[in-house]
Every structure is written in C-alpha cells, then in structure tokens.
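Take a look at the structure set out below.
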Amino acid sequence: MIRKGPKKGVEIRLAEFDEFLINGIQEIYNESPVRQGRPFKHFGKSFQEVREANATHLDRSVFIAAIYEKELIGFIKLVFGDRTARAEQIISKMKHRDKSPMNALIDRAVILCEQRGIPFLVYGIWPRKGSFAKFKANSGFKEYCLPRYFVSLNFIGSISIKLGFHREIKERLPEFMRGPLVALREHRYRKKGRAS
C-alpha cells in the first residue's frame, strides 16, 4: 500500500505553509459534508478559517503533502514534542483513495521521525472498532493506555464524578449499544446525502 501511490504518480514531499497548501486543504475539507459516517466539522470553511485552523504550532510543525498532477490530494501535519510527533491532521481526498495517499503519508512521517530521533508517532485516540481502527492497526500503530485521574474540588464535582459526567456520553454507553447506534448514525447521514 505504501508503494501504490508513488507507482501511480503521487509525489510525497514536505510542504510550505503557503497559499497552495491552504487552498489544497480547503478543497479536501469541502469535498464532502460527511466523513466516516458523521458530519465533517471542517466542511464549508473559508480560506481564512482553514488558514487559522492549521496555523497552530507552526514553529514546531511540519506539513507532508501528497501531490498528484499538481493537485494536493492529501496531507499530514506533524507537531513535534520532546520525544513524540503528533499527527494533528491527516486527511486525503476520497476520490483518490485508489492511490493510497494516507499510507504513503504515514510512511514519510515515520521516516521523518526516525531521521529526527523521535521514538513515538502519535495518531489520536484509538477507536474501538471499524475501518479506522483496522487502518491504524494495519499501518503499524498500537494502542497505549494512559491513566487519567479526575479529582473533585467540591461536593458537586464529587457527585459529577460518581455519576460519570467527567466522561463523554459515548464512553458512558454500554458496549452492546455503541455498534447499533453508530450504524444508525451512518445510515441516517447516507440517506441524507442521497436526498441532497
């Protein structure tokens, strides 16, 4: 999968945070209002909004671009820490999935981390199931569980922790309910997409 993109003419290279990159990111964001079965929060953003959203941590960030026939078809934004590089953004155009740009982008990110002596490449929260979890596992990522502690500062905080309000609603749902609810959500947005 890593070699598929370059074989089809996809160039993977470091990119400057310039007008070409921002315009390309905006095109990727505006390709579809729904991604991974839910509304895509970046859909419909203006050039300025896209610029502001991706201009964070520029002093310690690197953009890797996947370019096909002078068109940005995917990118990854890596933010470097002491011993980690975090993939803050990694996304590609759905119409170019046949070229596997995501795999090639991750490959280049791993090479970059190795060159800089960074031992950990962090790629967001680990999904429980689905194609995204499979993609991460197939790309060589592993789940690391880090303990989080919540301490109440008053009586209301103590009650909130006991009731589980410190966790997201989806984390409070029993496992047997999550799958059907995700399928229902995907069905709803698929149906909505066909109607529009």
Side-chain angles (χ1 to χ4, degrees), residues 1-29 31 35-36 40-42 45 49-68 70-94 96-150 167-168 170-171:
M1 296 300 279
I2 290 167
R3 291 190 289 272
K4 195 174 181 181
K7 277 183 182 175
K8 291 192 171 194
V10 177
E11 180 191 357
I12 306 295
R13 62 177 165 85
L14 294 179
E16 296 294 321
F17 188 64
D18 57 12
E19 198 171 313
F20 170 78
L21 184 70
I22 297 165
N23 278 323
I25 293 171
Q26 186 182 21
E27 281 181 26
I28 293 170
Y29 284 175
E31 186 181 26
R35 278 185 179 257
Q36 296 177 351
F40 184 50
K41 68 179 181 179
H42 296 297
K45 284 188 174 178
E49 289 172 318
V50 171
R51 189 186 174 289
E52 287 171 11
N54 288 281
T56 57
H57 316 297
L58 287 179
D59 57 322
R60 53 193 180 97
S61 295
V62 166
F63 289 89
I64 305 170
I67 297 166
Y68 178 70
K70 297 183 181 178
E71 173 190 4
L72 183 76
I73 66 167
F75 79 99
I76 183 170
K77 178 183 179 184
L78 289 180
V79 181
F80 292 97
D82 290 336
R83 291 172 41 83
T84 63
R86 181 170 43 93
E88 196 168 272
Q89 278 274 338
I90 177 167
I91 190 168
S92 66
K93 285 190 175 176
M94 293 183 285
H96 290 289
R97 278 200 180 135
D98 63 314
K99 297 168 190 70
S100 302
M102 300 283 274
N103 299 88
L105 287 167
I106 290 171
D107 177 59
R108 183 58 60 93
V110 169
I111 290 168
L112 201 58
C113 288
E114 184 182 23
Q115 289 169 346
R116 293 182 176 213
I118 304 288
F120 297 102
L121 174 59
V122 181
Y123 187 6
I125 297 168
W126 192 266
R128 293 184 187 280
K129 295 178 185 172
S131 60
F132 194 42
K134 281 183 189 172
F135 174 77
K136 283 188 175 186
N138 290 340
S139 297
F141 288 95
K142 294 180 181 172
E143 181 180 17
Y144 281 91
C145 295
L146 299 173
R148 289 183 350 186
Y149 300 97
F150 297 88
R167 297 186 334 229
E168 290 185 51
K170 64 183 178 184
E171 291 177 359

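Throughout, numbering of the chain's residues begins at 1 and tracks the sequence.
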Rounded to the nearest 0.5 Å, what separation is found between the CD1 atom of Ile25 and the CZ atom of Arg51?
11.5 Å
Can you tell me if CZ on Arg148 sees more than 12 non-hydrogen neighbours from other groups inside 6.0 Å?
no
Testing the basics here: between Gly9 and Tyr68, what is the closest heavy-atom pair and its distance to 0.1 Å?
O-CD1, 3.8 Å
Ile64: which of Asp107, Ile90, Ile106, Leu112 passes side-chain contact (heavy atoms from CB on, under 4.5 Å)
Leu112
Take the angle between the ring planes of Phe40 and Tyr29 and call it parallel below 30°, perpendicular above 60°, tilted in between.
perpendicular
Just do the side chain to side chain contact (heavy atoms under 4.5 Å, CB included) check on Lys8 and Asp98 with the steps written out, would you?
CA-CA 9 Å; Lys8 291 192 171 194; Asp98 63 314; 3.6 Å; yes
Measuring from Gln89:CD to Phe63:CZ, what's the distance to the nearest 0.5 Å?
8.5 Å
Just do the side chain to side chain contact (heavy atoms under 4.5 Å, CB included) check on Arg35 and Ile91 with the steps written out, would you?
CA-CA 10 Å; Arg35 278 185 179 257; Ile91 190 168; 3.6 Å; yes
In Å and rounded to the nearest 0.5 Å, what is the CD to NZ distance from Glu11 to Lys70?
11.5 Å
Are more than 12 heavy atoms, taken from residues, nucleotides or ligands other than Glu71, located less than 6.0 Å from that residue's CD atom?
yes
How close do Arg83 and Ile118 get, counting heavy atoms only, and between which atoms?
O-CG2, 3.6 Å
Walk me through it: do Arg13 and Ile67 pass the test side chain to side chain contact (heavy atoms under 4.5 Å, CB included)?
CA-CA 8 Å; Arg13 62 177 165 85; Ile67 297 166; 2.9 Å; yes
Has Glu31 got a side-chain atom pairing as donor or acceptor with Met94's backbone, closer than 3.5 angstrom?
yes
Answer yes when Glu88 and Lys77 have at least one side-chain N-carboxylate O distance shorter than 4.0 Å, and no when they do not.
yes
Shortest non-hydrogen contact between Ala66 and Val10, atoms and distance
CB-CG1, 4.0 Å
Take atom CZ in Arg167; do more than 12 heavy atoms of anything else shown fall under 6.0 Å from it?
yes
Which heavy atom of Val50 sits nearest a heavy atom of Lys45, and at what distance?
CG2-CB, 3.8 Å
Do Lys99 and His96 meet the criterion of a side-chain donor-acceptor pair at a distance under 3.5 Å?
yes
Rounded to the nearest 0.5 Å, how far apart are CG of Leu105 and CZ of Phe75?
9.5 Å
Show your working on side chain to side chain contact (heavy atoms under 4.5 Å, CB included) between Val79 and Ser61 and close with a plain yes or no.
CA-CA 4 Å; Val79 181; Ser61 295; 3.5 Å; yes
Note: Leu21 and Ala15 closest approach over all heavy atoms is CD1-CB, 4.1 Å
Measure the spacing between OG1 of Thr84 and CG of Leu121 and express it to the nearest 0.5 Å.
9.0 Å
With rounding to the nearest 0.5 Å, note down the distance linking CG in Asn54 to CD in Gln26.
11.0 Å
Between Ala109 and Ile76, what is the shortest heavy-atom contact and its length?
CB-CD1, 4.1 Å
